[in-house]
Undergrad: 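Here it is: the structure, laid out below.
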Amino acid sequence: DAKTTQPPSMDCAEGRAANLPCNHSTISGNEYVYWYRQIHSQGPQYIIHGLKNNETNEMASLIITEDRKSSTLILPHATLRDTAVYYCIVRVTGNQFYFGTGTSLTVIP
Amino acid sequence: GAVVSQHPSWVICKSGTSVKIECRSLDFQATTMFWYRQFPKQSLMLMATSNEGSKATYEQGVEKDKFLINHASLTLSTLTVTSAHPEDSSFYICSASRPAGGSDTQYFGPGTRLTVL
């Protein structure tokens, strides 16, 4: 079962930062936080993951609170192509992924 | 990058026939692959975990005799939907697990759209 809570939908203006929150209040110490996104009728695309430190890559930044009970995915300059459903998943390395309902992000021109 | 392919990308079949879907990790070896299905406007549902050289582990409620999984090599897993019926029509997605530092992550294929008439 999914152990995360995300808002069902969000809008963001093109060129602005998109901040997508995720609540994982029951996360265990050895569970990582993963973010994926799915554009309509495609397979999910890996974005980023982290354990407790903030992470950044060419796609996004992941901010994890100190108590690890929540995190935020930041897309620094949203484009129309970032319109997708974003999934936050917590899991122990090697274990299965269980997807929640995700956040449908719409980037508005 | 890590690339996972699926074949076919879409298939239409008659009720009662069997359909095989292939999942390949193109640039890495994956000891573990996963199969999901997704119905319209719903999230991905994990069907089974496939380990190379051993029997797949199925999620509760997934019929192992209907959804046959074979993981014959470190780069190939297949899902066969046997005696398909219209209710099996869905979007089937595979993923392959790749080590990443002290953790690992899953890379997903593009999906296979199955329509059973």
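All chains are named by letter (A, B, ...) in the order of the sequence lines, taking the proteins before the strands, and each is independently numbered beginning at 1.
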Undergrad: Counting C-beta onward and ignoring hydrogens, is there a side-chain heavy-atom pair between D88(B) and F67(B) closer than 4.5 Å?
TA: yes

Undergrad: Under 4.5 Å between any side-chain heavy atoms of T101(A) and P8(A), yes or no?
TA: no

Undergrad: Do Q6(B) and C94(B) have side chains that approach each other closer than 4.5 Å (heavy atoms only, starting at C-beta)?
TA: yes

Undergrad: Among T32(B), T49(B), N51(B), D104(B), find the one that has a side chain to side chain donor-acceptor pair (under 3.5 Å) with S97(B).
TA: D104(B)

Undergrad: If you count the non-hydrogen atoms of other residues, nucleotides and ligands that lie under 6.0 Å from NE2 in H85(B), is the total more than 12?
TA: yes

Undergrad: Mind ranking I93(B), T57(B), L46(B) by heavy-atom pairs under 4.5 Å with chain A and telling me who comes out on top?
TA: L46(B)

Undergrad: Any heavy-atom pair between the side chains of D65(B) and T82(B) that's under 4.5 Å?
TA: no

Undergrad: Is any side-chain heavy atom of F99(A) less than 4.5 Å from a side-chain heavy atom of Q38(B)?
TA: no

Undergrad: Would a 4.5 Å heavy-atom cut-off, applied to side chains only, mark L114(B) and S90(B) as touching?
TA: no

Undergrad: To check you understand the geometry: which heavy-atom pair defines the closest contact between H71(B) and L76(B), and what is its length?
TA: CD2-O, 3.3 Å

Undergrad: Provide the closest heavy-atom pair for L80(A) versus V107(A) in the form atom of the first, atom of the second, distance.
TA: CD2-O, 3.4 Å

Undergrad: Can you check whether F108(B) reaches L44(B) side chain to side chain, under 4.5 Å on heavy atoms?
TA: yes

Undergrad: Which residues in residues 65-79 of chain A have any heavy atom lying under 4.5 Å from a heavy atom of chain B?
TA: none

Undergrad: In chain order, what residues pass the salt bridge (Lys or Arg N to Asp or Glu O under 4.0 Å) check against R24(B), with sequence neighbours excluded?
TA: E22(B)

Undergrad: Sub-4.5 Å heavy-atom contacts with chain B: which residues of residues 9-41 of chain A show up?
TA: Y32(A), Y34(A), Y36(A), Q38(A), S41(A)

Undergrad: Applying a heavy-atom distance below 4.5 Å, give me the residues of residues 44-64 of chain A that approach chain B, sorted by number.
TA: P44(A), Y46(A), H49(A)

Undergrad: Is the shortest heavy-atom distance from the side chain of F97(A) to the side chain of S95(B) under 4.5 Å?
TA: no

